[in-house]
Visitor: 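Following this message is one structure expressed as structure tokens.
The model shown is predicted, which means the values in this text are computed figures rather than measured ones.
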Amino acid sequence: MARRRPADDHVVAANKKRYPDTVMAYVMIAPIVILLGIFVIYPALQATVLSFYNWSFYQESEFVGLKNFTDVLTDPKFRASILLGLKFVAITLPVQLVGAFLFASLATAVNRRFADVLKVSIYIPTIISGVITSVIFTIIYDYSGGILNALLAKLDLTTQAWLGDPRLALVAIAAPAVWLGMGLTCLIMIAGMLDIPASFYESADVEGANWWQKTVYITIPQLKNILLYLIITGFVASIQQFELPLIMTNGGPMSSTELPNLFIFNHFRGDPYVGYSIAAALLLFVVLGSVSALIFRVLNSEKLVD
């Protein structure tokens, strides 16, 4: 009979010690997994199934295969909404990232008390409801009594129909979108900048580097992964903007602000058959995933080593 070695006893004891930890880990993640299954995974699977049917609340469903998807892909209005969403991202995301970076640089350069004031002030718009923001900016943009046109009149400049002109409406909606998203973006950048070792900047000061050189060769490279995260989340948030165009313009004028989510919503409430709307939502998901993967591919993020 083989004798039991002390090493074997050590392995058994380690496995017994690890087993309760594994059980506790499963217990801790079980609630979120259950909630995801009920409110995310199951509805997504159900929506995928319904996208192959001519489904209605009022009539018996009919299997139509890929017809809903082909209808969406051949619909010029859906393609126009996707292109409009990408244009909206191109307007809002660079301004938001550059503005947040400059503000974060300022907040990390001043004394602690003033930095706290800056952090609170930049974060305030984030906690304001998108509905309230839409109402506020609609009043600001009002043609006859809005603050913006009143200021232009004081400066002897031409007043504009900000929400009534197809050339200006999308830019007018982009301004509150940037204002709403700036706070959280800025705080994330501040956290990343504070995590950069001070010795990097001290070495740069010894070499006589200026602010621009330190920003290009130290700050931005060290924030590479944070910037990647902000680009992905900012892209997804911008192209899925819904509240602002819904309340401020309802997609008008002439569909110049009908972003993808608003297009799907308008089609859903105007069409008794929801298969088209579900297929459009799934294809939008594919677009978001594809562009996000492309951004990951282009930036080629790798974990930085101090």
Side-chain angles (χ1 to χ4, degrees), residues 72-73 75-105 122 125-126 130 133-134 137 140-141 148 160-186 188-189 215-216 220 223-266 280-281 283-301:
V72 173
L73 291 174
D75 189 349
K77 292 184 178 180
F78 176 76
R79 297 197 298 269
S81 71
I82 295 294
L83 293 176
L84 192 63
L86 296 175
K87 182 180 178 181
F88 188 74
V89 171
I91 295 172
T92 58
L93 188 56
V95 176
Q96 184 172 302
L97 290 176
V98 173
F101 182 84
L102 295 176
F103 198 94
S105 299
I122 194 64
T126 305
T133 302
S134 301
F137 274 84
I140 293 174
Y141 290 140
L148 185 55
Q160 303 289 340
W162 297 100
L163 299 178
D165 189 339
R167 300 170 300 172
L168 301 175
L170 191 65
V171 177
I173 290 177
V178 172
W179 187 67
L180 284 172
M182 184 77 74
L184 186 58
T185 303
C186 185
I188 293 175
M189 283 193 179
T215 298
V216 172
I220 293 178
L223 292 178
K224 181 180 179 181
N225 291 328
I226 290 178
L227 291 174
L228 174 62
Y229 168 78
L230 292 175
I231 289 173
I232 296 295
T233 56
F235 165 78
V236 173
S238 295
I239 201 172
Q240 292 193 106
Q241 181 58 249
F242 175 71
E243 292 174 325
L244 296 177
L246 173 65
I247 297 173
M248 297 179 69
T249 61
N250 196 26
M254 299 172 59
S255 300
S256 61
T257 59
E258 193 173 42
L259 300 179
N261 273 350
L262 182 57
F263 169 80
I264 295 171
F265 175 74
N266 286 336
L283 289 174
L284 176 60
F285 173 77
V286 172
V287 171
L288 294 177
S290 301
V291 176
S292 299
L294 180 62
I295 294 174
F296 272 110
R297 179 82 174 180
V298 171
L299 297 182
N300 191 24
S301 175

Visitor: With side chains defined as the heavy atoms from C-beta onward, is the minimum distance between Ser134 and Met248 less than 4.5 Å?
Guide: yes
Visitor: Below 3.5 Å, can you tabulate the donor-acceptor pairs from side chains in residues 167-176 to any protein atom, sequence neighbours excluded?
Guide:
unit_1, atom_1, unit_2, atom_2, d
Arg167, NE, Asp165, OD1, 3.3
Arg167, NE, Asp165, OD2, 3.4
Arg167, NH2, Asp165, OD2, 2.9

Visitor: Could you check whether any side-chain heavy atom of Ser292 comes within less than 4.5 Å of a side-chain heavy atom of Val236, counting everything from C-beta outward?
Guide: yes
Visitor: Per the side-chain hydrogen bond (donor to acceptor under 3.5 Å, both in side chains) rule, what does the pair list look like for residues 226-236, sequence neighbours excluded?
Guide: none
Visitor: What's the separation between atom CD1 in Ile188 and atom CG in Leu184, rounded to the nearest 0.5 Å?
Guide: 4.0 Å
Visitor: Is any side-chain heavy atom of Trp162 closer than 4.5 Å to a side-chain heavy atom of Ile140?
Guide: no
Visitor: First locate atom OG1 of Thr92, then atom CG of Leu180, and finally report the distance between them rounded to the nearest 0.5 Å.
Guide: 11.5 Å
Visitor: Starting at CG of Leu244, measure out to OG1 of Thr257 and round the result to the nearest 0.5 Å.
Guide: 10.0 Å
Visitor: Could you measure the distance from the CH2 atom of Trp179 to the CD1 atom of Ile122? Nearest 0.5 Å is fine.
Guide: 10.0 Å
Visitor: Over 60° means perpendicular and under 30° means parallel, so tell me whether Phe78 and Phe263 are parallel, tilted or perpendicular.
Guide: tilted
Visitor: Hey, are the side chains of Gln241 and Leu262 touching, using non-hydrogen atoms and a 4.5 Å cut-off?
Guide: no
Visitor: Determine whether Met182 and Phe103 make a side-chain contact, defined as any pair of heavy atoms from C-beta on separated by less than 4.5 Å.
Guide: no
Visitor: Tell me which one of Leu246, Leu84, Ile82, Ile239 satisfies side-chain contact (heavy atoms from CB on, under 4.5 Å) with Leu259.
Guide: Leu84
